[in-house]
2 protein chains.
Amino acid sequence: MVNKSIDCVFCENKSVCFNELTPQELSEINKNKVEISYKKDETIIKQNSFASNIFFIKKGLVKIYLESKDRDLIIEIGGKSKMLGLTSLNHTKYYKFSVVAIEDVVLCQINIEIINKIMLTNQYFNNQVISNLNTTIEKILNKLFCISHKQLQGRLADALICFSDEIYNNNKFTLGVSRKDLADITNMATENVVRILKEFNDKKIIKLAGKNIEIINYVELKKLSS
Amino acid sequence: MVNKSIDCVFCENKSVCFNELTPQELSEINKNKVEISYKKDETIIKQNSFASNIFFIKKGLVKIYLESKDRDLIIEIGGKSKMLGLTSLNHTKYYKFSVVAIEDVVLCQINIEIINKIMLTNQYFNNQVISNLNTTIEKILNKLFCISHKQLQGRLADALICFSDEIYNNNKFTLGVSRKDLADITNMATENVVRILKEFNDKKIIKLAGKNIEIINYVELKKLSS
DNA sequence: ATTTTTTATTGATATATATCAATTTTTTTT
DNA sequence: AAAAAAAATTGATATATATCAATAAAAAAT
């Protein structure tokens, strides 16, 4: 759904990326962007489709994941200020991942050509993009390490800490994803997610009521994670 | 060991990154680079050390890996033209990985400030750097998928294909790494590397003689990988 | 409000993979 | 060349984790 979008110049939700743009550059982006709303469960990016746009999330959460025949792997849960599609900059024609809204989402879509053009003229913006790519690399390496070196308890502890510290910014939250999604985040069987959540609940590390989770013993969770 | 290094302008080993530099830019790099030789097993980059240089490999192979208490995870075997340290550009102060020579290596070391400076003045170079970062992201995602979704046979098949197609460019090669390293590449136990290599040998998929490996049935290897 | 469908939960079992221990081979050092 | 150290190999066993099957609970559709 296309929104009546506000002018980028006055937008309150701008990423730090856009902070140092000149009024002309902002206006150029404004002319070449569309704001779109997605309902929960709608697909935003489909893996292997042509990559011609960069997405900038203004509101809501998305899951970014790799699709395969048997099983998905969720790379990241992204929220406000997350940029999607930078990995296709100057490089690959296709998106290498899928993105689906796990809440109602509002985002701005900007043509990749415009982004490229502004990177040429604005060095601050260029640096921000590179910074963004490097953060992505760090996050994926972290995930690679987590999945390859930690056991189930540690992986799930990591995921819970991430939801608390980075996604909901609250030790008490209502999980926006299913047990199956938690399994795709931590690369384990759904049944084991259920079992380990229960185990954490029994050990009074978390307080569990369906999708409502409260982290009670953060220290213990951190210990499990390492 | 510091070498008497040749002028970048005449260097035959330049990466495509440097292709479109002006003579002035090349000369600037030349003035601010050192060429160094490392012997097999020498450490080139130590994880968590200050990142102030970019490395460009001219000769030899390195292993790039994440260190941890119990176990290493080899991210990539890099060879000629591989750039190291770009992930620290404008971003993190520290190297997030270690790099060790697995053959005698010759590389050029360039101060990160110079790289940053040339990125500002040369748009082609800037794009090459971004391209390089995106390739890194793709590779790590691929590895993440491989380690999380494939069984031992598939993971080892992947590694062998990589050695053949990308590292040695030959279906017959002398492995420069130990069984333990193969285990750290594929995230499995060393004993299982040995067992599965033998299994492949018995099934006439490869011909195995210590470190000498010949891929006989490439098609079957590809099948195992998927 | 009732039915249908999807998701979550639980226990029992199977299986892939790691670990352990012992031996052999290869490499390095003396 | 001999001795010592490191790496590779092999088989037996343990264990973490997935799979299967059955039920319960929650959500969606009628």
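Lettering follows sequence order; numbering is per chain, from 1.
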Subject >> the helix from C:dA1-D:dT30 to C:dT30-D:dA1: angle between end helix axes, five pairs per end, rounded to 10 degrees >> reply: 50°

Original post:
How does protein reach along nucleotides 13-30 of chain C, written 5' to 3' as B (base within reach of a heavy atom under 4.0 Å), S (only sugar-phosphate), or - (no contact)?
Top reply: ---SSBBB----------

Once you round it to whole Å, what is the distance between [atom2] of [N] and [atom1] of [X]?
{"X": "A:E199", "N": "C:dG11", "atom1": "CD", "atom2": "C1'", "result": "16 Å"}
{"X": "B:D41", "N": "D:dA7", "atom1": "CG", "atom2": "C1'", "result": "13 Å"}
{"X": "A:L208", "N": "C:dA8", "atom1": "CG", "atom2": "P", "result": "11 Å"}
{"X": "A:K40", "N": "D:dA28", "atom1": "NZ", "atom2": "P", "result": "8 Å"}
{"X": "A:N212", "N": "D:dA26", "atom1": "CG", "atom2": "C1'", "result": "13 Å"}

Subject >> Carboxylate-amine/guanidinium proximity below 4.0 Å for B:E220 and B:K204 >> reply: no

Subject >> Partners passing side chain to side chain contact (heavy atoms under 4.5 Å, CB included) against B:S98 (at least two apart in sequence or in another chain) >> reply: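 Scan of B:S98 (side chain to side chain contact (heavy atoms under 4.5 Å, CB included), adjacent residues dropped) gives B:K46, B:Q47, B:Y65, B:E67.
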
Subject >> By side chain to side chain contact (heavy atoms under 4.5 Å, CB included) - contacts of B:T190 (at least two apart) >> reply: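 Result, side chain to side chain contact (heavy atoms under 4.5 Å, CB included) vs B:T190: B:R179, B:K180, B:A183.
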
Subject >> Within residues 171-181 of chain A: residues closer than 4.0 Å to DNA chain C (heavy atoms) >> reply: A:S178, A:R179, A:K180

Original post:
Looking at A:S52 and A:Y95, what are the two nearest heavy atoms and their distance?
Top reply: N-OH, 3.5 Å

Subject >> Minimal non-hydrogen separation, B:L89 against A:I130, with atom names >> reply: O-CG2, 4.3 Å

**OP:** Check for a donor-acceptor pair, side chain of A:T136 on one end and backbone N or O of A:N132 on the other, with a separation under 3.5 Å.
**Re:** yes

Subject >> Mutual orientation of the aromatic rings belonging to A:F145 and A:H149 [parallel < 30°, tilted 30-60°, perpendicular > 60°] >> reply: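 It falls in the parallel class, under 30°.
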
Subject >> Pair A:E35-A:Q109, side-chain donor/acceptor within less than 3.5 Å >> reply: no

Original post:
Can A:T174 and A:N212 be counted as having a side-chain donor-acceptor contact under 3.5 angstrom?
Top reply: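 Their side chains do contain a donor-acceptor pair, which is all the 3.5 Å distance test asks for.
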
Subject >> side-chain hydrogen bond (donor to acceptor under 3.5 Å, both in side chains) against B:S68, all qualifying residues, sequence neighbours excluded >> reply: B:D70

**OP:** May I ask you to evaluate whether A:K198 reaches the phosphate of C:dT10, defined as a side-chain N or O under 4.0 Å from OP1 or OP2?
**Re:** yes

**OP:** Would you indicate whether the side-chain heavy atoms of A:I110 and A:N53 approach each other to under 4.5 Å?
**Re:**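 Of all side-chain heavy-atom pairs linking A:I110 with A:N53, none is under 4.5 Å.
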
